[in-house]
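Just so you know, residue 1 is the first one in the sequence shown, and it goes up from there.
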Amino acid sequence: MQTDQPTGTTGTAASITLTAETFAREIEQAPGLALVDFWAPWCGPCHMVSPIVEQLAREHAGRVKVGKVNTDAEPGLGARFGIRSLPTVVLFRDGSPVDAVVGAYPRQVYEQKIAAHG
């Protein structure tokens with residue numbers, strides 16, 4: 001599968017690539033818990049968080065929807081959610097943001113957030 005498809009998975013990734021066109025359908029109109037990683041290709045800490053996000057996507061498949069927004073490609077989404085630092089991981093419950101983690105943290109921090117809102 002191509003890595004640039006907006007709603008498909010990327011390679012062996014378990015997360016979905018989100019765009020301005022797919023964000024409402026995939027996150028805001030979806031029931032349950034979703035985790036969205038706002039990142040950019042030039043961001044070193046983003047590359048540290050990315051494997052954690054993919055692992056969470058695989059381990060929580062069917063319970064937590066996990067998506068990624070490249071803020072360089074989708075600056076409007078970053079602006080819409082007030083993303084000022086990267087990486088920022090936002091948790092959504094039934095389409096509304098409920099929590100966020102700004103910066104790169106160990107996996108346990110993201111697991112705690114999922115547990116708190118799951």
TODO: Report yes or no: do Ser15 and Glu54 form a side-chain donor-acceptor pair below 3.5 Å?
DONE: yes
TODO: Decide side chain to side chain contact (heavy atoms under 4.5 Å, CB included) for Leu56 and Val64; before the verdict, give the C-alpha distance in whole Å, the side-chain angles of both, and the deciding distance to 0.1 Å.
DONE: CA-CA 9 Å; Leu56 292 170; Val64 179; over 6 Å; no
Task: Ionic contact status for Lys65 with Glu28, cut-off 4.0 Å - done: no
TODO: Given side chain to side chain contact (heavy atoms under 4.5 Å, CB included), test Leu33 with Ile114 step by step and report yes or no.
DONE: CA-CA 8 Å; Leu33 190 62; Ile114 290 170; 4.0 Å; yes
Which donor-acceptor pairs under 3.5 Å do side chains of residues 34-47 form with protein atoms, sequence neighbours excluded?
unit_1	atom_1	unit_2	atom_2	d
Asp37	OD2	Lys68	NZ	3.1
Trp42	NE1	Asp72	OD1	3.2
Trp42	NE1	Asp72	OD2	3.0
His47	NE2	Pro41	O	2.7

Open item on the list: Rounded at 0.5 Å granularity, tell me how far CG in Leu77 sits from OG1 in Thr19.
Closed with: 7.5 Å
- [ ] Is it possible for you to say whether Val69 and Val101 belong to one hydrophobic cluster, with membership spreading through side-chain heavy-atom contacts below 4.5 Å?
- [x] no
Task: Shortest non-hydrogen contact between Met48 and Ala104, atoms and distance - done: CE-CB, 4.1 Å
Open item on the list: Give me each pair satisfying side chain to side chain donor-acceptor pair (under 3.5 Å) with a member in residues 109-118, each pair once, sequence neighbours excluded.
Closed with: His60-Glu111, Asp99-Lys113, Asp99-His117, Arg107-Glu111
Task: Test side chain to side chain contact (heavy atoms under 4.5 Å, CB included) applied to Pro31 - qualifying residues, sequence neighbours left out - done: Asp94
Open item on the list: Hydrophobic clustering (ILVMFWY, side-chain heavy atoms < 4.5 Å, transitive) - are Ile83 and Val89 grouped together?
Closed with: no
Task: Cluster check Val66, Tyr105: I/L/V/M/F/W/Y, side chain < 4.5 angstrom - done: yes
Open item on the list: Strictly distance-based, threshold 3.5 Å: is any side-chain N or O of Thr71 a donor or acceptor partner for the main-chain N or O of Glu74?
Closed with: no
Task: Considering all heavy atoms, the nearest Val102-Ser85 contact - done: CG1-CB, 3.6 Å
Open item on the list: Assigning hydrophobic clusters by single linkage (Ile, Leu, Val, Met, Phe, Trp, Tyr; side-chain heavy-atom cutoff under 4.5 Å), is Val109 placed with Val98?
Closed with: yes
Task: Heavy-atom pair with the smallest gap, counting every atom of Pro106 and Ile52 - done: C-CD1, 4.5 Å
